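One structure is given below, encoded as structure tokens.
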2 protein chains.
Amino acid sequence: MKATIYDVAKAAGVSIATVSKVINNTGNMRDTTRQKVKETMEKLNYQPSLMASALTGKGTETLGLLVPDISNPFFSEIAKTIEDRAHESGMSVIICSTDENTEKEKKYVELLQRKQVDGMIVASSFHNIEILKGVVDRKIPLVMLTQDDAGLGVTSISVDDFKGGYEATSHLLSEGHRDIVIIAEYAKSSKHRIYGYLEAHEEHGIKTSEENIIRTVASIENGRECLRKIVEKGKVPTGIFACNDLIAVGVIQEANEMGLNIPEDLSIVGFDNTILATTTVPGLTTIAQPITEMGKRVVDVIISEIKDKNQKKEHVLFKPQLIIRGTTAVKKR
Amino acid sequence: MKATIYDVAKAAGVSIATVSKVINNTGNMRDTTRQKVKETMEKLNYQPSLMASALTGKGTETLGLLVPDISNPFFSEIAKTIEDRAHESGMSVIICSTDENTEKEKKYVELLQRKQVDGMIVASSFHNIEILKGVVDRKIPLVMLTQDDAGLGVTSISVDDFKGGYEATSHLLSEGHRDIVIIAEYAKSSKHRIYGYLEAHEEHGIKTSEENIIRTVASIENGRECLRKIVEKGKVPTGIFACNDLIAVGVIQEANEMGLNIPEDLSIVGFDNTILATTTVPGLTTIAQPITEMGKRVVDVIISEIKDKNQKKEHVLFKPQLIIRGTTAVKKR
DNA sequence: CTGAAAGCGCTAACAC
DNA sequence: GTGTTAGCGCTTTCAG
């Protein structure tokens, strides 16, 4: 069987209390004792059980991360930075994909609670806010990433969606496009991007209509479908602002199949600047979210909340950045 | 504070043993009692601590998954299927990205052991085999995914790399290409793909040389660099078999920048069939690994090993599938 | 400086 | 049927 603290104590000829002290580097003791214990731990290949220590009040040193779908590049990139930063701070991460599914949301949140995670990060979308209220009530540190706090009174970290939407649209507008369709998601963040889209139009003195705003669920397939529907309706826009790269890629693919040239016939702007934006041809003009900084920040925040609950909650907004690649150009048509 | 089993017992007017029984659905008792306890649990919002139960001998119901880099689409796609399947079986997953870094490998494996995961899945590459020996010695179920068992005597699940390499090369060969470069990784799996590459040549009665085999670390940037180097050497091949999609994408991008037309001037075959293969233009011809089935299979295997250690170890080989898209065509040049 | 002992929340015999 | 009790492996006073 695995060595326990007792085995070490016995082998080293000391008490378990002493061993515990060397494990945690606490208390004072003769250097020779500490040394001896260390050696025995080594020899016995002893690894203190995190379960047991968690049970005695110490934290579990693990974070829960809830994302809609880890196989989506945006989330896997975020997960990577979160994981890295967490490990730097001695924490590990359990990732759960909710699939935008209320059942799973509930199940996973409960699971994470039963596993006594020290804190939870909820990324991008969460439908069952009641569930989250429960974790707040239980005083489990919680921070929202890439979405607002939904009235939970927790800190949230996101990109400035309004500004992102504004910049994407402005870019299109300034290249002469007057017929711009925005393909949004149902999420709150998309709402802000839509406002940005609207604001940009207003500022440029251009009017747009409700018809130019369509919504869908993020996926390549849905992006394609959207373009199909747009075209079916008759008038083809010269610019499309897709609220994320996945949708944008779908639009690009469908456009290609329909024989539309990009960017000559149709300019496209995405959002997120995931790896996908770099693999299309031409490269996708998109709004970058500073994923790395945001990821680092969330874990820093959550860790500081774990150390000291009732920290001041804040709403951190990161600056989006327009990355111009090949899918946008001055209007020709 | 959070409700414990004692709180429930007191509130329901029973003993903790009874509560434990209803939690685990074991033992017999009057239906009314069970009902009453259930209600109290509900009312108190009680959630049994997995820490505590893990400590008493039951498993932790968590799996450790070691991948090189979760932000790589191939791994995030695998992680997703593993996560899904695991949850279906009541297990959660802790994902760790080793970054091909021996230090991290060691750190994470130790961490997972201290967290007492019930089993570990090691995907794709692991350098410090000694470390893995340690987990095998400790009788912790371990299965290798997408790589061979490195003499550990554990079960491994992977695609038939030899066959994949053979088919990719054969496809190129049968389209008339005679000058085919293979860009491989340093991993064992690449070795088999190279053998497949060689075998295909032999079978077609075509000879190739060592010079046509180059190696690199998987990344878009390295893919680009490889093509650059190949071109610098003078003779440009008409076909390239990249041992994964990431590299293939890099080759495509660089080829585009160099003014080479794909597939007219250069045909490319990738490996993995990740989302990236669908987002390039033209779509990437590639060898698909049945990610979903493989993912399901690993967790099924590991779970059965958890239930019954000293299960027969096997080496499961999945069939690769050539997916023809737009980056390959009959040789023109 | 070091050790004894009381928990942490739960499970699993074994009594009653 | 239901309760008592002895751990699981560790942390943490509090004595010595």
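As a basis for the values below, the full set of heavy atoms in this structure was taken, side chains included, without hydrogen atoms, waters or symmetry mates. Because the structure is predicted, anything quoted here is derived from the model rather than measured. Sequence lines set the chain letters: A, B, ... in the order given, protein chains first and strands last, and positions in each chain run from 1.
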For the side chain of B:K139 and the backbone of B:K309, is there at least one donor-acceptor N/O pair under 3.5 Å apart? no

Those residues of residues 11-36 of chain A lying under 4.0 Å from DNA chain D by at least one heavy atom: A:I16, A:A17, A:S20, A:N24

Describe, as an angle rounded to 10 degrees, how the axis at the first end of the helix from C:dC1-D:dG16 to C:dC16-D:dG1 is tilted relative to the axis at the last end, five pairs per end. 40°

Are A:E130 and A:K133 within salt-bridge range, i.e. N to O under 4.0 Å? yes

Salt-bridged, B:K80 to B:D84, with N to O below 4.0 Å? yes

B:K307 atom NZ, neighbour heavy-atom count above 12 within 6.0 Å: no

Anything under 3.5 Å between a donor and an acceptor, one on a side chain of residues 69-79 of chain A, the other on a protein residue two or more places apart or in another chain? List them.
residue : atom : partner : partner atom : Å
A:D69   : OD1  : A:S71   : N            : 2.8
A:D69   : OD1  : A:S71   : OG           : 2.8
A:D69   : OD2  : A:S71   : OG           : 3.1
A:N72   : OD1  : A:F74   : N            : 2.8
A:S76   : OG   : A:P73   : O            : 3.2
A:E77   : OE2  : A:I275  : N            : 3.1

Residue pairs meeting side chain to side chain donor-acceptor pair (under 3.5 Å), one or both in residues 144-153 of chain A, sequence neighbours left out, come to A:D148-A:K188

Rounded to the nearest 0.5 angstrom, the CD1-OG distance for B:I306 and B:S89 is 9.5 Å

Give a yes or no on whether a donor-acceptor pair under 3.5 Å exists between the nucleobase atoms of D:dC8, that is its base, and the side chain of A:Y6. no

May I have the list of side-chain donor-acceptor pairs in residues 43-61 of chain B shorter than 3.5 Å, sequence neighbours left out?
residue : atom : partner : partner atom : Å
B:N45   : OD1  : A:R138  : NH2          : 2.8
B:Q47   : OE1  : A:Q113  : NE2          : 2.8
B:S49   : OG   : A:Q116  : OE1          : 2.7
B:S49   : OG   : B:M51   : N            : 3.2
B:S49   : OG   : B:A52   : N            : 3.1
B:S53   : OG   : B:L50   : O            : 3.3
B:T56   : OG1  : B:S53   : O            : 2.9
B:K58   : NZ   : B:N24   : OD1          : 2.8
B:T60   : OG1  : B:Q116  : O            : 2.6
B:T60   : OG1  : B:D118  : OD1          : 3.2

Separation of atom [atom1] in [X] from atom [atom2] in [N], rounded to whole Å:
{"X": "A:I5", "N": "C:dA5", "atom1": "CD1", "atom2": "P", "answer": "16 Å"}
{"X": "B:L50", "N": "D:dC8", "atom1": "CG", "atom2": "C1'", "answer": "15 Å"}
{"X": "B:K10", "N": "C:dG9", "atom1": "NZ", "atom2": "C1'", "answer": "14 Å"}
{"X": "A:K58", "N": "D:dG9", "atom1": "NZ", "atom2": "C1'", "answer": "13 Å"}
{"X": "B:L44", "N": "C:dG9", "atom1": "CG", "atom2": "C1'", "answer": "15 Å"}
{"X": "B:K2", "N": "C:dC8", "atom1": "NZ", "atom2": "P", "answer": "14 Å"}
{"X": "A:M51", "N": "D:dT11", "atom1": "CE", "atom2": "P", "answer": "13 Å"}

Please tabulate, for the side chains in residues 11-18 of chain B, all donor-acceptor contacts under 3.5 angstrom to protein atoms that are two or more places apart in sequence or on a different chain.
residue : atom : partner : partner atom : Å
B:S15   : OG   : B:A17   : N            : 3.3
B:S15   : OG   : B:T18   : N            : 3.4
B:S15   : OG   : B:T18   : OG1          : 3.4

